Every structure is written in C-alpha cells, then in structure tokens.
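So that the names make sense, note that chain A is the first sequence line, chain B the second, and so on, each numbered from 1. Quantities reported herein were computed from a predicted structural model and do not represent experimental measurements.
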2 protein chains.
Amino acid sequence: MSKPAASVAPPGTAPRSADDVLALLRASGGRATPSRRILLDALFESEGHCTAEELAAAVQRRAPDVHLSTIYRNLEELQRLGVIVHSHLGHGPATYHLASTAHAHLICEECGVTIEAPGELLRGLAKAAKEKLGFVIDPYHFAIQGRCARCSS
Amino acid sequence: MSKPAASVAPPGTAPRSADDVLALLRASGGRATPSRRILLDALFESEGHCTAEELAAAVQRRAPDVHLSTIYRNLEELQRLGVIVHSHLGHGPATYHLASTAHAHLICEECGVTIEAPGELLRGLAKAAKEKLGFVIDPYHFAIQGRCARCSS
DNA sequence: GTGCTTGCAAACGTTTTGCAGACTC
DNA sequence: GAGTCTGCAAAACGTTTGCAAGCAC
C-alpha cells in the first residue's frame, strides 16, 4: 500500500518552475543537485505522460551519467512532496507528470490510444461512490480501460 | 495491445463445468490434458480473484509437477477462448476468474481492501462515456482506485 | 564534516519465451 | 504420426535496493 505523502503542496501553492521545487526540496531537508534540476526541467518542459525511461533519456541528453535508478529515486521523492504524480495507463510502465496537470485517462485496449477524460465524466461516479459506499475514488492513478469509438464500431 | 479474442463465448453459452471447457478446447483444435482439467477444476471451485501463483499452488496440490509457466500458458489460452478474464486490482499480480462472474472492483490504496462495485455504480459512467465520446468502457480489466470509507475519514 | 545523494551492480516479482521431449488425438 | 502441450531453464520487464564514493550544505 502506498504511504500517504509526507507533505502535499496545499492548493494555490503549486510550484511553477524547477527553482520553486528545488527551494521546496531544500526546505524539507533535501539537496538541490544537478540531476534533480535537469529532471525537473524535463518534467516542466514535457507534455506529461512520460515514463521513467523517457525522462531518463531526456536527462541523459544533458547529463549522460545520470543513472536510471537516480531518476526513480528522484521521482519518488518528488511524489512524496506532492509535486508530481504517476498513473498506470495499462500494461507497461507508469507515467509521471506534474500534480497540477493531473487528469483521468481513458485507454483503448485495442489500439492503445489515450484520451483525457473530461472532468465531468467522472464526477457522477465519484459522487455515487461517495454517497453509497463512502468510497472516495482517485480517478488519476489508474486509467479507465475500454474501446475507443473507432475500435468499438 | 491485447489481441482480440479468437472466439468469445456468445451470451447464454457460458460453460458450466471443466468438461464443458475441455470440449470447447478440443473443438478449437486443442488437447484435453490433465493439467488443464485440474486448472479448470480450481477455477470453478474458487471464489474468483486468484493469482496465477495461487492457482499454481492449487493445481500442484493435486499434480506437483505442473509448472507455473504451464499455468500461465493455459490461462492465456482460456482467455483467448473467452472462458476466463483477468483483472488488475492494483500493483502486484493479476487475478483470474471465470468470465461469467466478472465484476468491477474498488480498491483502497491505503489499506488494500477490495470492494465489489455494484453494477449500477458504473452504469452512469458507461453511458456518459458512450454518448459523449463513443468510448465503450471495460470496468472489469482494471480496478478503480481510491480510499475506502474507513481510510478516507 | 555531516549526512544526503549518486553510480553501479545486483536483486526483485511477475510474466514470457526457446527448446527438446512427452503426450493427445 | 502430426501436431499440440509440457517441464525446465533462462530471459524479459519495470522497478527497487545495498553499498561505497561523492557532493551540497
């Protein structure tokens, strides 16, 4: 089971740049290292949906010696701080993105296309689960599977 | 991407016993072997939610030499025939059960409890996804994550 | 100088695969 | 006898961990 984040950025405090996050990191007793700065740059520049491997490749373009395990360790630390989240879009590797851009996904099991779910789509489900079962759904962590319009016809 | 099943049992034709499935298997050019019969017995006797490892243990109680890789190969074949499905309840191994008993799951990310989702809970989401996006959701393959009543309070 | 962070190598757990022999039909 | 299925060993995959050296503060 995932441990609750040690500290989650309160709403309205979302860091807007790599420097913001490095400051946050230092404030929590961590160090601002080159590999962290470059990873953060990659995250802020990306469109989201990056796998650890893709982020490693992006970082290694600028600093070839940064090891994949360092990427994983830093991604974990950034999650602990609430700066980023990861999602499972199906089989295969997890994808990481800034927490501020989190959104639900629909994945076609046939062609693999990823559709960003409009917020309203999940709202009804979230409400019903909360009222009937007291269950608070987290629609971001795992994608919703199915068949897209093209594949289901 | 998962290949479409070569042949899915049409509604109303769901096999009711290991023998039914072995007949189906033979009809599609396969063989009725001891390891397959025992695996099917285990599936029909189980409550569902069995991992490959658990099924292997159940089979090996009766036939100690059946290898885990044989279990995986047979589970794959049974999925191709539409007899069973697998679900991902979160991190960790997939679980397998008869297709006829498929149902959606809610998983608590904190305590790990598994709740079987009432059918009506998903119906609204399925309808909205179909109408707005043409997307046919498959709520069985991946569980819906969140926090149960106890952990979210 | 304290102690957090890194590179490396090796392990992890789940699942898949290549192969030669054994079995079903 | 043709062709499917099996056990075994080994690999694949994404991810985590132990360790000693290196760096930020």
Nearest-Å distance for atom pair [atom1]/[atom2], residues [X] and [N]:
{"X": "B/H91", "N": "C/dT14", "atom1": "NE2", "atom2": "C1'", "result": "14 Å"}
{"X": "A/E76", "N": "D/dG14", "atom1": "CD", "atom2": "P", "result": "18 Å"}
{"X": "A/L22", "N": "D/dC25", "atom1": "CG", "atom2": "P", "result": "9 Å"}
{"X": "A/L75", "N": "C/dT5", "atom1": "CG", "atom2": "C1'", "result": "15 Å"}
{"X": "A/R80", "N": "D/dT16", "atom1": "CZ", "atom2": "P", "result": "15 Å"}

[X], [Y]: one ILVMFWY side-chain cluster at the under-4.5 Å cut-off?
{"X": "B/L55", "Y": "B/Y72", "value": "yes"}
{"X": "B/L24", "Y": "B/L78", "value": "yes"}
{"X": "B/L89", "Y": "B/V85", "value": "no"}

Legend entry - B/R36 side chain vs B/R31 backbone, donor-acceptor pair below 3.5 Å: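 Yes, B/R36 side chain to B/R31 backbone: donor-acceptor pair under 3.5 Å.
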Inset, instruction - Kindly say whether B/R147 contributes a backbone atom to a donor-acceptor pair with the side chain of B/E109 at under 3.5 angstrom? - result: no
Inset, instruction - Please state whether the phosphate of D/dA24, meaning OP1 or OP2, lies under 4.0 angstrom from any side-chain nitrogen or oxygen of A/R26. - result: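 It does not, given that no N or O in the side chain of A/R26 lies less than 4.0 Å from OP1 or OP2 of D/dA24.
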Legend entry - Residue-phosphate contact under 4.0 Å: B/Y72 side-chain N/O, C/dT16 OP1/OP2: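 Result: no.
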Legend entry - Salt bridge B/R123-B/E120, side-chain N to carboxylate O under 4.0 Å: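 Salt bridge: no.
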Legend entry - Basic-acidic side-chain contact under 4.0 Å: B/R73, B/E76: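 Answer for the salt bridge query: no.
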Could you check whether the rings of [X] and [Y] sit parallel, tilted or perpendicular, using 30° and 60° as the cut-offs?
{"X": "B/H141", "Y": "B/H86", "value": "perpendicular"}
{"X": "B/F142", "Y": "A/H91", "value": "tilted"}
{"X": "B/H97", "Y": "B/H103", "value": "parallel"}

Inset, instruction - Can you pull out how bent the helix from C/dG13-D/dC13 to C/dC25-D/dG1 is, comparing the axes over its first five and last five pairs, to 10°? - result: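 Angle reported: 30°, given to the nearest ten degrees.
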Inset, instruction - Could you run through nucleotides 2-7 of chain D and give me one letter per nucleotide, 5' to 3': B if any protein heavy atom sits under 4.0 Å from the base, S if only the sugar-phosphate is that close, - if neither? - result: -BSSBB
Inset, instruction - Would you sort out whether A/H49 and A/H105 count as a side chain to side chain donor-acceptor pair (under 3.5 Å), showing the intermediate values? - result: CA-CA 10 Å; A/H49 302 167; A/H105 301 92; 2.7 Å; yes
Inset, instruction - Would you jot down, in residue-number order, the residues of residues 43-60 of chain A having a non-hydrogen atom under 4.0 Å from DNA chain C? - result: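 Residues of residues 43-60 of chain A that come under 4.0 Å of DNA chain C do not exist, since none gets that close.
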